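Have a look at the structure below before the remarks.
By convention in this document, chain letters (A, B, ...) are assigned in the order of the sequence lines, proteins followed by strands, and residues within each chain are numbered from 1. Side chains are part of it too, since the values below use all heavy atoms of this structure and drop only hydrogens, waters and symmetry mates. The structure presented is a predicted model; accordingly, all values stated were derived computationally and were not measured.
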Number of protein chains: 2
Amino acid sequence: MKTEYSPRVTTDSHAVTLTVDCAIFGFADDSLRVLLVRRAVEPYRGDWVLPGGAMYQNETLEDAAIRVLRDLVNVEDIPMHQVATYSAVNRHPVRRVITSSYFALVSPEDHDPIAREHLDQARWCALNELPELGFDHRIILDDAYEALKQELRSQPLAFHLLPESFTLKEAQEVYEAILGEELDRRNFRRKILSYDFLINTAEKKPGVKGGPELYRVDDVKLEEHMS
Amino acid sequence: MKTEYSPRVTTDSHAVTLTVDCAIFGFADDSLRVLLVRRAVEPYRGDWVLPGGAMYQNETLEDAAIRVLRDLVNVEDIPMHQVATYSAVNRHPVRRVITSSYFALVSPEDHDPIAREHLDQARWCALNELPELGFDHRIILDDAYEALKQELRSQPLAFHLLPESFTLKEAQEVYEAILGEELDRRNFRRKILSYDFLINTAEKKPGVKGGPELYRVDDVKLEEHMS
DNA sequence: GCAAAAGTGTTTCATCTACACCCATGC
DNA sequence: GCATGGGTGTAGATGAAACACTTTTGC
């Protein structure tokens, strides 16, 4: 049996609103978090959701996602990755809203994210302590998290989360927090040192037992790996 | 140099048309082909493009893709896979059109696909003999083809392209045509027999040297593998 | 009977995984 | 000096790729 369609059948989609929703992942307290905002207006007033917004007529979806990211956490030049587009007819209770999702990976800036317009709070939320999310955002977030992990396994996405120079242990902790699993220290070292964009600075990090060596990234070579 | 945007700036997207474009892959003459249609109206009149169309207000993008598939090649119950959403501001020369792409894998039906409405021809086109495509459809097609190959490597997507009973050689030819590379016969046999949804019918295909054995799929077990 | 295709197992190689010891530093 | 963490190499398991011979059938 086929789905029944209501009788209004048109050949265009002018009454549809297009939005982006962003899963902005970042670190705080050595754990992976995602930025959530709380709605101050209906529908889903008081519920936590992924930050997002309507696409302007003269920008791309990616531009819109970058704009959301800039407005909330004041970072630019962070790559946004498109994940999927969600178009269920009743995903928004009032109007027809279709959304494309993006994810990004940032180091949380010093200043707190600002809740504006329809929002009254913003918060970095650990992935294992998520509240219920409004709309279908839980599904969107889960899909985005899977895409993030998938991408990290094949590409060195995470080095911009680290300070200028860092120890391999610190890099490993970032990977472990994102992937949600522990990694073998020696295997991890071998894997990332087999890439050629890590430079041993021949300095040791002071104040840490064992005297770990500091590394920094060769930005040019990292760029080659990412393309 | 960045693209110049027109000065109209609004906060919603009501003037945007949402469409789907479908990369419908199928077989003819032992080679992988994709269904192309030729536009009979401006813009891009006379150019070949992927079949597609506007989403109706009361259907999902996926519904729209399924509708396009049904109208063109009269098949249903074939899974459509979403690939990506394309939103460059000037990808359509007249209006703002944002499109989501899907791919599907079908066995070309007996009847030829019908060109209707804005189209004057439809044709199964071999991937190495593609004409120039209108809009940004060459990029969309390339992305969809990559997604198809990716999916086939991890999931047995292609068995509905084969007749009720078939030889492993025939299955291998389907895989080779889709992936665009030759496969080792023994490694291929081992791999797909390690799945448990292939049933040896104990019959041999007549009229073929070597007397190859015929197999059929256990639909229930195949379904488990696909989920 | 001979040419062409089908059926079958083993070896090699690369990759991932698990694991133990010595050395450097902080306290 | 001792406890903690950093640095290093190897052996085993697992999966992918390469490869040759025998059997069956069409002609």
Side-chain angles (χ1 to χ4, degrees), chain A residues 29-30 149-159 162-217 225, chain B residues 29-30 149-159 162-217 225:
Chain A
D29 308 322
D30 292 329
K149 286 193 285 188
Q150 187 70 24
E151 195 76 15
L152 182 67
R153 282 181 217 277
S154 61
Q155 291 231 334
L157 282 193
F159 286 91
L162 291 161
E164 180 74 21
S165 66
F166 51 88
T167 67
L168 293 189
K169 172 76 168 176
E170 290 167 336
Q172 184 176 342
E173 283 168 351
V174 168
Y175 268 71
E176 288 176 337
I178 297 174
L179 296 176
E181 60 183 297
E182 302 213 331
L183 301 174
D184 181 89
R185 184 159 49 99
R186 281 158 294 187
N187 294 337
F188 178 77
R189 292 174 63 85
R190 185 175 29 246
K191 181 178 175 177
I192 69 167
L193 288 176
S194 78
Y195 300 144
D196 56 353
F197 56 80
L198 284 188
I199 301 167
N200 189 325
T201 64
E203 293 170 47
K204 296 194 167 189
K205 178 155 184 164
V208 179
K209 285 182 192 172
E213 296 166 354
L214 286 167
Y215 286 80
R216 61 183 180 81
V217 299
H225 266 273
Chain B
D29 309 322
D30 292 328
K149 285 192 285 188
Q150 187 70 24
E151 196 76 13
L152 182 67
R153 282 181 218 276
S154 61
Q155 292 231 335
L157 282 192
F159 286 91
L162 290 160
E164 180 74 22
S165 66
F166 52 88
T167 66
L168 293 189
K169 172 75 167 178
E170 290 167 336
Q172 183 175 343
E173 283 167 351
V174 167
Y175 268 71
E176 289 176 336
I178 296 173
L179 296 176
E181 61 184 293
E182 302 211 331
L183 301 174
D184 180 89
R185 184 160 48 97
R186 282 158 293 186
N187 293 337
F188 178 77
R189 291 173 65 85
R190 181 171 35 243
K191 180 177 174 177
I192 68 168
L193 289 177
S194 77
Y195 301 144
D196 57 351
F197 56 80
L198 285 187
I199 301 167
N200 189 326
T201 63
E203 292 171 45
K204 294 192 169 191
K205 178 156 184 163
V208 178
K209 286 180 189 173
E213 295 167 354
L214 286 167
Y215 287 79
R216 62 186 178 79
V217 299
H225 265 274

Query raised in the report: What are the two closest heavy atoms between B:Lys191 and B:Arg153, and how far apart are they?
Result: NZ-O, 3.8 Å
Query - For B:Tyr215, the option from B:Thr167, B:Leu193, B:Thr201 that meets side chain to side chain contact (heavy atoms under 4.5 Å, CB included) - result: B:Leu193
**Report entry** Nucleotide D:dA17, atom P - distance to CD of B:Gln172 in whole Å
**Finding:** 13 Å
Query - Aromatic ring pairing B:Phe197/B:His225, orientation class (parallel under 30°, perpendicular over 60°, tilted between) - result: perpendicular
Query raised in the report: Which nucleotide in the list C:dG9, C:dT17, C:dA6 gets nearest to the side chain of B:Arg186?
Result: C:dG9
**Report entry** Side chain of A:Asn187 (C-beta onward), nearest among D:dC19, C:dT17, D:dG6
**Finding:** C:dT17
Requested in this report: Measure from the side-chain heavy atoms of A:Asp184 and tell me the nearest of D:dA18, D:dG6, C:dA18.
Outcome: C:dA18
Query - Along DNA chain C (nearest heavy atom to each residue), the more 5'-positioned of B:Pro212 and A:Gly207 - result: B:Pro212
**Report entry** A:Glu181 atom CD: more than 12 heavy-atom contacts under 6.0 Å
**Finding:** yes
Query - Atom pair distance, as rounded to whole Å: CD in A:Glu170 and C1' in D:dG7 - result: 16 Å
Query raised in the report: Checking all strands, does A:Lys204 fall into the base, sugar-phosphate, or nothing category for heavy-atom contacts under 4.0 angstrom?
Result: sugar-phosphate
Query raised in the report: How long is the line joining CZ of A:Arg190 and P of D:dT10, in whole Å?
Result: 11 Å
Requested in this report: Round to the nearest Å and state the distance from A:Leu214 atom CG to D:dG7 atom C1'.
Outcome: 14 Å
Query raised in the report: Which part of the nucleic acid does A:Gly210 contact within heavy-atom distance under 4.0 Å: base, sugar-phosphate only, or nothing?
Result: base
Report task. Before accepting this row, confirm whether a basic side-chain N of the pair B:Glu213/B:Arg189 lies closer than 4.0 Å to the acidic partner's carboxylate O. Result -> no
Requested in this report: In whole angstrom, give the distance that lies between atom CG of B:Leu193 and atom P of C:dG7.
Outcome: 9 Å
Requested in this report: Starting from P on C:dT25, measure out to NZ on A:Lys205 and report it in whole angstrom.
Outcome: 15 Å
Report task. Identify which nucleotide among D:dG7, C:dG26, C:dA4 has an atom closest to any side-chain atom of A:Lys209, counting heavy atoms from C-beta outward. Result -> C:dG26
Query raised in the report: Would you say the side chain of A:Arg189 and the base of D:dG7 hold a donor-acceptor pair, judged only by whether the two atoms sit under 3.5 Å apart?
Result: no
Requested in this report: Please report, rounded to the nearest Å, how far the P atom of C:dA6 is from the CD1 atom of B:Ile192.
Outcome: 13 Å
Report task. Let me know the distance between CZ of A:Arg185 and C1' of C:dC21, rounded to the nearest Å. Result -> 11 Å
